[in-house]
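Chain naming here is simple, since letters A, B, ... match the order of the sequence lines and numbering starts at 1 in each. As a basis for the values below, the full set of heavy atoms in this structure was taken, side chains included, without hydrogen atoms, waters or symmetry mates.
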There are 2 protein chains.
Amino acid sequence: MEHLIRFLLQSGLKPFSIDPAINELEKNLTRSELLALILIRFKKQITMSQLASDLGVPLSTVTNIGQRLKRRGLIERQRDPKDRRSILVSLTSEGMELANQMMIVLNRLIQRVEAALTPEELNQLIQLGMKALKAIQTVETGGEKEQARLRKIQISD
Amino acid sequence: MEHLIRFLLQSGLKPFSIDPAINELEKNLTRSELLALILIRFKKQITMSQLASDLGVPLSTVTNIGQRLKRRGLIERQRDPKDRRSILVSLTSEGMELANQMMIVLNRLIQRVEAALTPEELNQLIQLGMKALKAIQTVETGGEKEQARLRKIQISD
DNA sequence: GACTAATAATACGATATCGTAGTATTTTCC
DNA sequence: GGAAAATACTACGATATCGTATTATTAGTC
């Protein structure tokens with residue numbers, strides 16, 4: 001395991017410059033913006049805070065991201081009637097278009113993995129990966145002051 | 001597999017805000033700066049380009065990161081006598097100190113994982129994970145990029 | 001109901017990142 | 001051996017991110 005880390009460090013930890021199509025999309029939009037689009041696509045509607053938490057960035061950053069996406073006509077904003085402090089963000093058809101393009105790329109990546117592993121292996125990988133993630137993602141107690149940075153996840157085994 | 005993505009999206013995709021100690025360190029230094037320190041620690045000496053490649057950020061960004069680390073007295077720079085275009089970066093004792101703190105945190109994370117999985121599970125996870133990564137990272141042939149993948153690491157702790 | 005605390009979001013200034021242009025050195029190849 | 005291409009960096013302006021202060025709304029307590 002020690003060497004896993006070493007391997008990761010040694011081989012560099014670049015997360016995402018994997019598919020050329022992604023780089024292509026990143027010519028026009030930030031990675032954060034692209035991720036935001038995908039997240040919104042999955043949730044249909046989402047508040048700014050939720051988005052911040054899901055992206056793992058401060059809310060003030062999401063404010064900026066949202067402004068840029070709005071300016072480009074990719075998202076719509078409307079106040080939540082249930083809680084008028086919140087703003088619900090959703091995709092415009094143009095934004096949906098772009099998010100779909102992203103999904104195509106993502107699905108291609110998934111297919112590559114599915115092609116490389118047997119179904120059994122894939123299943124195993126997912127199970128083990130989740131287990132490991134869960135172990136890492138300890139929810140620390142007591143010490144407040146962690147806010148948007150902290151997202152805890154609910155894993156059903 | 002579809003739900004893997006969904007899970008990842010639902011649970012947020014920020015990799016690193018996991019251990020409170022990391023957040024503590026990030027009060028003083030950027031994540032990039034911390035990663036840079038760790039990378040330099042592992043390689044002992046490394047050029048700016050290599051660092052950029054390992055971090056997965058543009059060289060111009062590394063120039064800035066380097067300047068900040070230098071200013072804080074955490075790294076040293078010297079021209080490579082073998083290739084006077086390059087600059088070799090290494091840790092000062094103060095930088096090493098900090099990198100070691102990072103490693104302590106990382107090792108704690110590793111231990112958490114090791115505690116959660118049996119040795120066989122862990123091994124399998126690593127194997128499968130690498131296989132999947134490799135599948136993803138295989139970009140179309142032709143212009144080759146050839147990233148580092150040979151590990152043979154020899155560090156005395 | 002009114003007061004206080006908590007939450008959701010934005011504004012704004014400070015810092016980090018990135019793309020591109022420019023400089024210096026090395027490699028290629030004739 | 002020397003011109004042209006490639007490589008390693010830095011400088012600099014544009015954009016993105018972040019922390020903090022501020023405003024608006026809701027939740028909690030008496």
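At a cut-off of 3.5 angstrom, counting only N and O atoms as typed in the model, there is no donor on one side facing an acceptor on the other between the side-chain of B:R84 and the base of C:dT25.
Rounded to an integer number of Å, the gap from B:L55 CG to C:dA16 C1' is 14 Å. Residue A:L59 contributes atom CG, which lies 16 Å from atom P of D:dA21 at whole-angstrom precision. Note: CD1 (B:I65) to P (C:dA16) measures 10 Å, nearest angstrom. Here the C1' atom of nucleotide C:dG19 and the NZ atom of A:K27 are 11 Å apart, to the nearest Å. In this structure, the CG atom of B:N28 is 14 Å from the C1' atom of D:dG19, given to the nearest Å. Rounded to an integer number of Å, the gap from A:L34 CG to D:dA16 P is 12 Å. D:dT7 atom C1' lies 18 Å from atom NZ of B:K82, rounded to whole Å. Per the geometry, CD belonging to A:E33 stands 12 Å off C1' belonging to D:dT17, to the nearest Å.
More than 12 heavy atoms of other residues, nucleotides or ligands shown are found within 6.0 angstrom of CZ on A:R79. More than 12 heavy atoms of other residues, nucleotides or ligands lie within 6.0 Å of CD in B:Q45, so this atom counts as buried by the packing criterion.
In this model, the phosphate group of C:dT15 is not approached by any side-chain N or O of B:T30 to a distance below 4.0 Å at OP1 or OP2. Neither OP1 nor OP2 of C:dT17 sits under 4.0 Å from any side-chain N or O of B:R31. Residue A:T61 places at least one side-chain N or O closer than 4.0 Å to OP1 or OP2 of D:dC18. For A:S86 and C:dA8, the shortest distance from a side-chain N or O to OP1 or OP2 is not below 4.0 Å. For the OP1/OP2 pair of C:dA16 and a distance below 4.0 Å, the side-chain nitrogens and oxygens of B:Q67 include no atom meeting the criterion. Side-chain nitrogen and oxygen atoms of B:R71 include none within less than 4.0 Å of the OP1 or OP2 phosphate oxygen of C:dT15. Listed pair B:S60 / D:dA11 fails the phosphate criterion, with no side-chain N or O lying under 4.0 Å from OP1 or OP2.
The closest donor-acceptor contact from the side chain of B:E121 to the backbone of B:T118 lies under 3.5 Å. Using a distance-only test at 3.5 Å, with no hydrogens or angles considered, a donor-acceptor pair links the side chain of B:T92 to the main chain of B:L74.
Comparing A:R85 and B:I87 by the nucleotide of DNA chain D whose heavy atom lies nearest to each, the residue mapping closer to the 5' end is B:I87. Toward the 5′ end of DNA chain D lies the nearest nucleotide of A:R68, the other residue of the pair A:R68 and A:D80 mapping further downstream.
Closest approach to the B:D83 side chain among C:dT17, D:dA8, D:dT10 is made by D:dA8 (side chain taken as heavy atoms from C-beta onward). Among C:dT10, C:dT17, C:dA11, the nucleotide with an atom closest to any side-chain atom of B:N64 is C:dT17.
Salt bridge annotation for A:D80-A:K82: absent, with no cationic side-chain nitrogen under 4.0 angstrom from a carboxylate oxygen.
A:R79 comes within 4.0 angstrom of nothing in the nucleic acid, heavy atoms only. If you check every strand for non-hydrogen atoms under 4.0 Å, B:V57 touches sugar and phosphate atoms only.
Hydrophobic cluster membership is shared by B:L59 and B:L37, with clusters built from Ile, Leu, Val, Met, Phe, Trp and Tyr side chains linked at under 4.5 angstrom.
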